[in-house]
Amino acid sequence: MFNRHHHMRPICCPPNIMPTQIAPAQVSPTQEVVRTNIFNTIVPHFHPIHTTTVNRHIYHHQHFYPRTYSEVNEYYQTFQQCGNMGNPNPQCFNPQQRRFDS
């Protein structure tokens with residue numbers, strides 16, 4: 001009735017690999033950052049003069065070339081669980097070998 005063999009080895013089975021699950025996103029409260037830009041503006045004031053005794057008309061042609069600029073910031077991050085020295089994850093890579101080229 002009773003198993004009198006006390007030195008039996010356990011039966012090893014391969015591990016069950018369950019489907020990957022995605023947890024709900026964790027969203028932190030928005031932090032407000034205030035950046036002040038100061039723009040100096042010159043406002044030209046014109047005071048035309050007309051003299052009827054002299055019919056001299058002087059035209060001053062001023063050419064302006066306004067420009068616009070834009071800026072793009074790109075950030076890349078990777079997070080990997082690389083294990084430890086006794087049990088490393090072989091899928092981890094050396095971050096110095098990884099490049100993000102445009």
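Just so we're clear, the structure is a prediction, and the values are computed from it rather than from any experiment. In this chain, numbering begins with 1 at the start of the sequence shown. What you see below is based on every heavy atom in this structure, not just the backbone, and it leaves out hydrogens, waters and symmetry mates.
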| field | Counterpart residues, side-chain contact (heavy atoms from CB on, under 4.5 Å), relative to H47 (two or more places apart) | value | H45
| said: Taking atom CG as the centre, does N37 end up with more than 12 heavy-atom neighbours from other residues, nucleotides or ligands that are less than 6.0 angstrom away? | reply: yes
| task | Using the test side-chain contact (heavy atoms from CB on, under 4.5 Å), find all partners of H60 that sit at least two apart in sequence or belong to another chain. | result | I58
| query | Can you tell me if Q26 uses its side chain to pair, donor with acceptor, with the backbone of P24 under 3.5 Å? | reply | yes
| request: With sequence neighbours left out, write down each residue that passes side-chain contact (heavy atoms from CB on, under 4.5 Å) with F46, or none if nothing qualifies. | output: P44
